[in-house]
Amino acid sequence: MSDFFNDVYEVVMLIPKGRVTSYGAIAKYLGSAQSSRLVGYAMNAAHTHSKKIPAHRVVNRNGVLTGKHHFPSQNYMQLKLEKEGIKVVKDQIVDFKILFWDPVKEISL
DNA sequence: AATGTGACATACC
DNA sequence: TGGTATGCCACAT
């Protein structure tokens with residue numbers, strides 16, 4: 001349970017449906033705000049794990065679906081988000097800051 | 001053990 | 001406004 005990746009996956013799986021978060025927020029929650037890249041890296045390795053990681057709910061700080069190229073289909077990410085009620089235009093989440101789910105504020109107890 | 005890597009974030013030209 | 005450069009650090013090879 002001391003795996004950095006495992007923590008990332010756990011947080012990502014805790015993201016409420018219809019909400020999104022950023023790599024940096026997760027990194028910050030894990031105590032490694034400067035390791036936001038590791039979060040993305042974790043997502044990259046997510047498929048190597050057996051767990052289901054809703055990586056489509058994780059975007060960069062701009063609310064842009066930067067990692068959509070890593071999904072089975074480039075449309076998969078946006079499609080999945082829209083299916084949850086999230087509007088995506090030009091690969092960018094609409095009202096991102098409203099839909100933004102900050103684990104630090106939501107989980108941190 | 002050492003080097004390379006990256007789905008970010010920030011700073012600078 | 002946008003492309004380039006650098007920091008960052010755990011994982012992969």
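In what follows, chains are A, B, ... by sequence order, proteins preceding strands, each numbered from 1.
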Residues V11(A), W101(A); criterion side-chain contact (heavy atoms from CB on, under 4.5 Å); working and verdict: CA-CA 11 Å; V11(A) 174; W101(A) 181 82; 4.3 Å; yes
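- Sparse packing is recorded around CZ of R61(A), with 12 or fewer heavy atoms of other residues, nucleotides or ligands lying under 6.0 Å away.
- Counting to the nearest Å, the C1' atom of dC8(C) and the CG atom of N60(A) are 17 Å from each other.
- Between K28(A) atom NZ and dC8(C) atom C1' there is a gap of 17 Å when expressed in whole angstrom units.
- Helical stems involving DNA chain B, defined as 3 or more consecutive Watson-Crick or G-U pairs under 3.5 Å, span B:2-6 with C:9-13, B:8-13 with C:2-7.
- The nearest whole Å value for the distance from the CG atom in L81(A) to the C1' atom in dA7(B) is 13 Å.
- Computed from coordinates, the L65(A) CG to dA7(B) P distance equals 14 Å when rounded to whole Å.
- Following rounding to the nearest Å, F4(A) (CZ) and dA7(B) (C1') show an atom-to-atom distance of 14 Å.
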Derivation of the side-chain contact (heavy atoms from CB on, under 4.5 Å) call for V59(A) and V64(A): CA-CA 6 Å; V59(A) 296; V64(A) 181; over 6 Å; no
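- Summarising the geometry, the separation between OH on Y23(A) and P on dG7(C) is reported as 23 Å, rounded to the nearest angstrom.
- A donor-acceptor contact shorter than 3.5 Å links the side chain of Y9(A) to the backbone of A42(A).
- Across all strands, F5(A) comes closer than 4.0 Å only to sugar-phosphate atoms, never to a base (heavy-atom distances).
- Within residues 35-47 of chain A, the residues that place at least one heavy atom under 4.0 Å from DNA chain C are, in residue-number order, S35(A), R37(A), L38(A), Y41(A).
- Using a cutoff of 4.0 Å between basic side-chain nitrogens and carboxylate oxygens, K68(A) and D91(A) are scored as salt-bridged.
- Salt bridge present: E84(A) and R57(A) bring a charged side-chain N and a carboxylate O closer than 4.0 Å.
- Protein atom CG of L30(A) is 14 Å distant from nucleotide atom P of dA9(B), rounded to whole Å.
- Using a 30° and 60° split on the angle between ring planes, F5(A) and H49(A) fall in the tilted class, from 30° to 60°.
- Between the N60(A) side chain and the G63(A) main chain, a donor and an acceptor come within less than 3.5 Å of each other.
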Full working for side-chain contact (heavy atoms from CB on, under 4.5 Å) between I15(A) and V20(A): CA-CA 7 Å; I15(A) 300 173; V20(A) 293; 5.8 Å; no
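- Summarising the geometry, the separation between CD on Q34(A) and P on dA10(C) is reported as 11 Å, rounded to the nearest angstrom.
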